[in-house]
Amino acid sequence: QVQLVESGGGLVQAGGSLRLSCAASGRTFSSYAMGWFRQAPGKEREFVAAISWIGGSTYYKDSVKGRFTISRPNAKNTLYLQMNSLKPEDTAVYYCAASRDSGSLRTGVVNYWGKGTLVTVSS
């Protein structure tokens, strides 16, 4: 079993920045793709960003491109999401996720979920 624990959420003003972290523990595989989803109040959960462990290819939801950066240290079971120029529409619970491959992750086929961390952006 793989456990994912998010941290770094909080309240920020529009235009501000936050960095989310996801610590993975338990059995892991180098082929796992990691990423982030978010769910705003009353809305469906949506894909935000993903990264492959091998090669480091990254993928982003169109609305966060240029503002968010997903990354992971080499040989570390930790995932980050640097969020800059935050907008009120970014307000949501952000979930760390892991899938067997990046294609599955981008389409919402997720093997493991974190419990989420709340990001609130005020105007």
Side-chain angles (χ1 to χ4, degrees):
Q1 180 68 26
V2 173
Q3 295 181 1
L4 306 174
V5 181
E6 305 95 335
S7 62
L11 277 66
V12 298
Q13 292 183 322
S17 299
L18 283 175
R19 186 181 70 173
L20 305 183
S21 299
C22 174
S25 62
R27 188 181 299 275
T28 60
F29 300 94
S30 61
S31 60
Y32 265 51
M34 303 287 292
W36 296 90
F37 287 72
R38 68 185 183 187
Q39 187 168 25
K43 297 186 177 180
E44 296 182 351
R45 190 172 300 186
E46 64 180 1
F47 168 79
V48 176
I51 187 169
S52 61
W53 291 114
I54 301 176
S57 299
T58 58
Y59 309 88
Y60 297 94
K61 173 181 172 64
D62 286 345
S63 64
V64 308
K65 289 180 179 178
R67 300 188 297 119
F68 291 9
T69 303
I70 187 171
S71 63
R72 55 97 175 87
N74 293 333
K76 294 288 186 179
N77 292 322
T78 305
L79 180 73
Y80 298 100
L81 183 68
Q82 178 66 46
M83 305 186 295
N84 298 327
S85 302
L86 284 163
K87 304 175 180 179
E89 66 186 76
D90 295 318
T91 295
V93 176
Y94 284 71
Y95 297 90
C96 182
S99 297
R100 295 292 184 180
D101 56 77
S102 59
S104 296
L105 183 58
R106 295 194 304 272
T107 56
V109 182
V110 176
N111 294 102
Y112 303 100
W113 291 101
K115 294 182 179 180
T117 185
L118 178 63
V119 172
T120 302
V121 184
S122 64
S123 60

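Just so it is clear, the values below take in all heavy atoms, side chains as well, and ignore hydrogens, waters and symmetry mates. Small disclaimer: the values here were computed from a predicted structure and weren't measured.
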Requested in this report: Spell out, as yes or no, whether a donor-acceptor pair under 3.5 Å connects the side chain of Asp90 to the backbone of Val119.
Outcome: no
Query - Contact check, side chains of Tyr112 and Cys96, non-hydrogen atoms, under 4.5 Å - result: no
Query raised in the report: Does Arg38 reach the side chain of Val64, with side-chain heavy atoms less than 4.5 Å apart?
Result: yes
Requested in this report: Check Tyr95 against Lys115 and note the closest heavy-atom contact, atom names and distance.
Outcome: CE2-O, 3.4 Å
Query raised in the report: Does Gly35 offer a backbone N or O that forms a donor-acceptor pair with the side chain of Tyr59 under 3.5 Å?
Result: no
Query raised in the report: Rounded to the nearest 0.5 Å, how far does CG of Leu81 lie from CZ of Arg19?
Result: 11.0 Å
Query raised in the report: Taking all non-hydrogen atoms of both residues, which atom of Leu18 and which atom of Leu86 are closest, and how far apart?
Result: N-CD1, 3.9 Å
**Report entry** Heavy-atom side-chain proximity of Tyr60 to Thr69 below 4.5 angstrom
**Finding:** yes
Query - Minimum side-chain heavy-atom gap Arg45-Trp113 below 4.5 Å - result: yes
Query raised in the report: Do Phe47 and Tyr80 belong to the same hydrophobic cluster, where Ile, Leu, Val, Met, Phe, Trp and Tyr are linked whenever their side-chain heavy atoms lie under 4.5 Å apart, directly or via other members?
Result: no
Query raised in the report: Is Leu105 close to Val110 at the side-chain level, that is, under 4.5 Å between some pair of heavy atoms?
Result: yes
**Report entry** ILVMFWY cluster, Phe37 and Leu4 together (side-chain gap under 4.5 Å)
**Finding:** no
Report task. Look at the side chain of Ser102 and the backbone N and O of Ala33, then say whether any donor-acceptor pair between them is shorter than 3.5 Å. Result -> no
Report task. Look at the aromatic rings of Tyr94 and Phe68 and report parallel, tilted or perpendicular, splitting at 30° and 60°. Result -> tilted
**Report entry** Backbone N/O of Val121 and side chain of Thr91: donor-acceptor pair under 3.5 Å
**Finding:** yes
Query - Where Met34 and Cys22 come nearest, the two heavy atoms and their spacing - result: CE-SG, 4.3 Å
Query raised in the report: Crowded around Gln3 CD? As in, over 12 foreign heavy atoms under 6.0 Å?
Result: no
Query - Inter-residue atom distance Ser21.OG - Leu79.CG, 0.5 Å rounding - result: 8.5 Å
Requested in this report: Would you check if the side chain of Glu6 reaches a backbone N or O of Thr117 as a donor-acceptor pair within less than 3.5 Å?
Outcome: no
Requested in this report: Can you spot which of Arg67, Met83, Gln82 makes a side-chain contact (heavy atoms from CB on, under 4.5 Å) with Ser17?
Outcome: Gln82
**Report entry** Co-membership, hydrophobic cluster, residues Val12 and Leu20, 4.5 Å side-chain
**Finding:** yes
**Report entry** Ser52 (side chain) donor-acceptor with Ser57 (main chain) under 3.5 angstrom
**Finding:** yes
